[in-house]
There are 2 protein chains.
Amino acid sequence: MRLVALLLMLMTMFIPSALAQSVALMPQPAKYGVSGGQLAVDQNFSVFLRGARDARLESEARRFLLVLSRQTGLTIAPKLSTSPQATLVVQIDHASKELPELGEDESYTLSVDGSGLLLKAPTTLGALRGMQTVLQLVTPVTNGFAIPIVNIDDKPRFPWRGLMIDVSRHFQPLDVIRRNLDGMAAVKLNVFHWHLSDNQGFRVESKKFPKLHELGSDGTYYTQDEVRGIIAYAAERGIRVVPEFDMPGHSTAWFVGYPELASAPGPYEIERHWGIFDPAMDPTKESTYKFLDEFIGEMAKLFPDKFFHIGGDEVNGKQWDANPQIQAFMKSHKLKDNAALQTYFTNRVQKLVEKHGKTMIGWDEILNPDSPKTIVIQSWRGAESLSQAAKQGYRGLLSNGYYVDLNWPAARHYAMDPTGGAAASLSDEEKSRILGGEACMWSEFTSPENVDSRIWPRTAAIAERLWSPQGVTDVNSMYERMAVISARLDFVGLNHNTSYGTMLRRIQGKDDFQALRTLADVVEPVKDYQREQLAATPPTQSTPIIRLVDAARPESETARLFSQKVDAFLAGTADAASKADLRVMLAHWSNNQSDLNAAMSTSYPLQEAAPLSQNLSALGAAGLAAMDYLGKEQAPDGWKTQQLAAIEQAKKPGGAQLLIMVADSVEKMVQAVK
Amino acid sequence: MRLVALLLMLMTMFIPSALAQSVALMPQPAKYGVSGGQLAVDQNFSVFLRGARDARLESEARRFLLVLSRQTGLTIAPKLSTSPQATLVVQIDHASKELPELGEDESYTLSVDGSGLLLKAPTTLGALRGMQTVLQLVTPVTNGFAIPIVNIDDKPRFPWRGLMIDVSRHFQPLDVIRRNLDGMAAVKLNVFHWHLSDNQGFRVESKKFPKLHELGSDGTYYTQDEVRGIIAYAAERGIRVVPEFDMPGHSTAWFVGYPELASAPGPYEIERHWGIFDPAMDPTKESTYKFLDEFIGEMAKLFPDKFFHIGGDEVNGKQWDANPQIQAFMKSHKLKDNAALQTYFTNRVQKLVEKHGKTMIGWDEILNPDSPKTIVIQSWRGAESLSQAAKQGYRGLLSNGYYVDLNWPAARHYAMDPTGGAAASLSDEEKSRILGGEACMWSEFTSPENVDSRIWPRTAAIAERLWSPQGVTDVNSMYERMAVISARLDFVGLNHNTSYGTMLRRIQGKDDFQALRTLADVVEPVKDYQREQLAATPPTQSTPIIRLVDAARPESETARLFSQKVDAFLAGTADAASKADLRVMLAHWSNNQSDLNAAMSTSYPLQEAAPLSQNLSALGAAGLAAMDYLGKEQAPDGWKTQQLAAIEQAKKPGGAQLLIMVADSVEKMVQAVK
């Protein structure tokens, strides 16, 4: 058995069975081999825990059975077996510590044969990761469900694989956090970075400084009991929780209750707009550090993880410039500019963090020549700054390129490698300081209803980048597997798929919204920070997040597949069925406008879809005509010029802040007409 | 103001504004008048409670704000206003009792003007009903949200408007029950009939007879605390909870723990199949009544409602026939047949129910000449038996025609009137004994995942039948409003819409399932009890409920709209856009097969879609050809005969147990070709 497994490992991957073909593993394991055959899965599926005992492993094994039951519809009771003849035997050498820690062993091996599965791991953590792999292996077959005969030897590439969620700009209730932790566990992410304070809200209860949450949160904050509940929930799933309290900037919400912390007198209100704002803590007053000492002390106890994030980004320095006392302080302390003043602040705070037993982590800006080598830099600026830090001996994380709020396609995130770009030329030792990365969900335009759809499924591609070997880069394979994993994430409770329909139904105002969905399926929200730029009136914290741009997926699968079909068609490699398909899609779009009748509506979320719908109709008609002209007919004079102008127009996002993603492909078709 | 309101009420409904047009009220109020203009709704929407105080009204008013916030995306804190200048003023004369009772006043009046809403009701119950109307009135407009200026004077036609859920054949967890109670409240239903025991499971904890739930439920039952929680949750929403313990038949699950209750020695196992089974209680043993006395006593305390349902349906009598002691008893007691024996049983049980302070309710079979006039008959047999009961002086409920598990179209349920059919000729006094009706959700083929889609939205049509005046019968209006209400029900947490996608994604095995959805959108599960009849192997309690037939909606909206378009086309009243639409739909279906590629799949839920998909393709092609031939072209010889034969074939449900609902309309098109 062991030899067979070894042989399988040594071979390059081969996919001999139809079942193995339909199985999608994401992140892809470090090493795996598939042979023929399968293991049937039915309602008698059972789990036996062998070796060291661990309460967490037991509860997670029960949850494994629950998810398996949901995913298959099989009636499987979430009870562990007492028989070593169980379908799945899980064996660990020793239990992990109660709370996961950076760098713990997460490796596991899994071997499947015709009689069962054996999952072995040195620690509980590895077993948790392996059970997620087992869930991904179960798939329906002709007569029920099965798992392919497979051997897996897996471990992560990076020890820090995170997801940050900003709960300040828009609060996210506990159930949102919990289901996202379940999603993280499903794709083997292991750090939940909780962005708990910012200008727009202070979201955690402080018993020492109650005005922080009482005045800084509109009443939507987490109690300390709730925080402990989330930390326990995350730990069960092998996920660390790292809190972030952003300072000295991004801190208006602190000043509503404690204006004395700020560099200008106040009074302050919770910030309702988006952007970079002036308020910043006063780094020159000892009272600021006294406050932070007590505050960090309180939070260091509440959050048991070794790492403590102090933000540190985007201080515009205007309050400092305008305050004569601060200017005098800078002069007397020979601080030549605001950057030097922030360095002074950061280094004082670092000592407080250290005093309370924690390692400081912060965004790029915290790095300065006096920083101790223990701190960790989270790079929002990019590979250059990350590799600089690594060269100087600092540990770092990549987040540049992983901002899921920017509505990039998954492939673009997938292409970002923490040791790519400027970091590629680092020495092995320097590279080892790059701990991994984090997907970042900034929440200007997210509600509990659409936040999952901004995070998932694209974060699964980032999770694969951080777990799988560096050579796993096949984009087509990634998209194919991500489509499978995305559907599976429904069964851990994420609503990234289901809320799409709910939001479109709200916009349409009724159940029958096929034409609206046809339109929504081919559009994407504008990219990067264009939403703020295109807004007629600035969006605020209380703007309802119910528009088409809020419902539309960050990446249009329909447009991606259409583009592949068009490319094949133009290359002359499309078969008759594929051509017919193209025609039906184009005719559908061309005709969609009459179905949608958006102009008749009196509802603003539907009204703004009207011009988009007209543009989609025009694109459909142009594509259909192009197919005709590319065949036998002759295009009339001026047709091409006219169409290209119309397409150019259709590409503009306009007030709806949406891009029609099939415009480029239709343009290619029109361009190809002689 | 009062005069204006009165004038509006006296006028027939008129719809002067676009806003009023897009508002859907369901059930339609008893009387309402709409005038021009609207009241803006924004995040400052507030509620003030005037008049008598009631804790239930306060908590429901907060929940009103929560649902309003979800439905609009507006940030509205669920806090009550202390200002009488609030947007919505709710005024009650006196608080209802803590638990709702049959026949309580549920009336309310609602007047809206440019400055706010005034909701007045004699009781808390009426105010709860009125707040649901307010939620239905809120709709998006060009610059936000608004409520039309409207005056409503509303009260229910029947005092008993119920939904029965069978949790025995498949258990339904607490969250399913809770969200369905929220759905019931949204359409003003007021009785949750909880079918708690049957052959396939005994679902409530009994402290007196613990083997009932311990051995009769596979561990999936409600504890008494959970039951109390559901009763409180329902009462908050003005909903009574009536428990049903089916006896003497439908009781196999009781006998697993207590075989001595049965008419044959046993041992017994929980029944896993569907149908009518032999086991029945032994009505001849005094020990049976001693057991039932204690059991009913325990449950009568647990369930505070005045009514207690003892089932009583479908005893096949085989165990009685085969038991010599029972035969001897019948002879000595001059009980001429099994019906007489059941009457003997029913009347003994009725006295026990009465002894414990309750009024007995049961299915048709419990009625016999010796029954006291206090009992209530729930008619599953139909109007004839219901009107017979009413003539004899019994109160009754209609459920015949309201079985939502039979996959009928909403219009068919909507056409059933509790005082229609044989009951139409009853005197007013006799009619007054007809208390209302209940939608019934029998659960052979329902999981927590698809149960909502079997109940909703069609139960909203039944709710309207039971609340609105008898003359409210416009089917088109019903469908239009139901489509709006169905979309709104997402926001109380029902998953009838969202689980459709989840289940289709599971079948497809990935996110991209457009072709599968195209197919699923035009099919319906077979009707009545055909699923059992068509099954190759009998389905059981542990058959996974994940097939296309489990996901497909009981009523295809696409097919209904297609049929309207085809009728217009054949009548020559279709405009060019509508014709183009027809073509696109048909082309889409015709081409769908190549997209679906179901035959390539190795997964059984997808595989069985393959023949359906082929049939849909053929129907699409036939419809397209018919459109051509109905225009200018000449149909070739034999074309029509061939197409009609193919359509006939496509109408057969086959192993997938699904009907393609567009077949009839395509047949009409082909028939129209000369």
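Within every chain, numbering begins at 1; the chains are lettered A, B, ... in the order of the sequence lines, protein sequences first and strands thereafter.
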Flag the one option from Glu449(B), Met482(B), Glu557(B), Gln514(B) with the top tally of heavy-atom pairs under 4.5 Å to chain A. Gln514(B)
Hey, could you give me the CZ/OG distance between Phe491(B) and Ser69(B), rounded to the nearest 0.5 Å? 11.0 Å
Contacting moiety of Ile485(A), where chain B heavy atoms sit under 4.5 Å: neither
Is there side-chain contact between Thr75(A) and Ser542(B), with heavy atoms separated by less than 4.5 Å? yes
Checking heavy atoms, do the side chain of Asp521(A), its backbone, both or neither come under 4.5 Å from chain B? side chain
Would you say the side chains of Ser443(B) and Gln172(B) form a donor-acceptor pair under 3.5 Å? no
Quick one: are Phe562(A) and Leu582(A) in side-chain contact, heavy atoms under 4.5 Å? yes
Holding to salt bridge (charged side-chain N to carboxylate O under 4.0 Å, His left out), I want the full list of residues that pass it with Asp550(B), two or more places apart in sequence or in another chain. Arg531(B)
Is Asn497(A) close to chain B through its backbone or its side chain, or both, or neither, when contacts mean heavy atoms under 4.5 Å? both
I'd like to verify something: which residue of Gly219(A), Ser486(A), Gly509(A) has the highest number of heavy-atom pairs under 4.5 Å with chain B? Ser486(A)
Is the closest side-chain donor-acceptor distance between Ser477(B) and Arg481(B) under 3.5 Å? yes
Minimum side-chain heavy-atom gap Glu555(B)-Tyr479(B) below 4.5 Å: yes
With heavy-atom distances below 4.5 Å as the criterion, would you say the side chains of Lys79(B) and Arg62(B) are in contact? no
Heavy-atom contact with chain A under 4.5 Å, split by part of Val584(B): side chain
Heavy-atom pair count under 4.5 Å with chain A, highest-scoring of Gly144(B), Gly73(B), Ala483(B): Ala483(B)
Identify which of Thr72(B), Asp490(B), Ile545(B), Leu74(B) forms the greatest number of heavy-atom pairs closer than 4.5 Å to chain A. Asp490(B)
Can you tell which of Gln200(A), Arg272(A), His170(A), Arg169(A) makes a side-chain hydrogen bond (donor to acceptor under 3.5 Å, both in side chains) with Gln541(A)? Arg272(A)
Under 4.5 Å, heavy atom to heavy atom: which of residues 498-506 of chain B reach chain A? Give them by number, or say none. Thr498(B), Thr502(B), Arg505(B), Arg506(B)
Bottom line for Ile546(A): the part with an atom under 4.5 Å from chain B's heavy atoms is side chain
Would Arg517(B) and Phe513(B) count as a cation-pi pair here, with the cationic atom under 6.0 angstrom from the ring centre and within 45° of the axis? yes
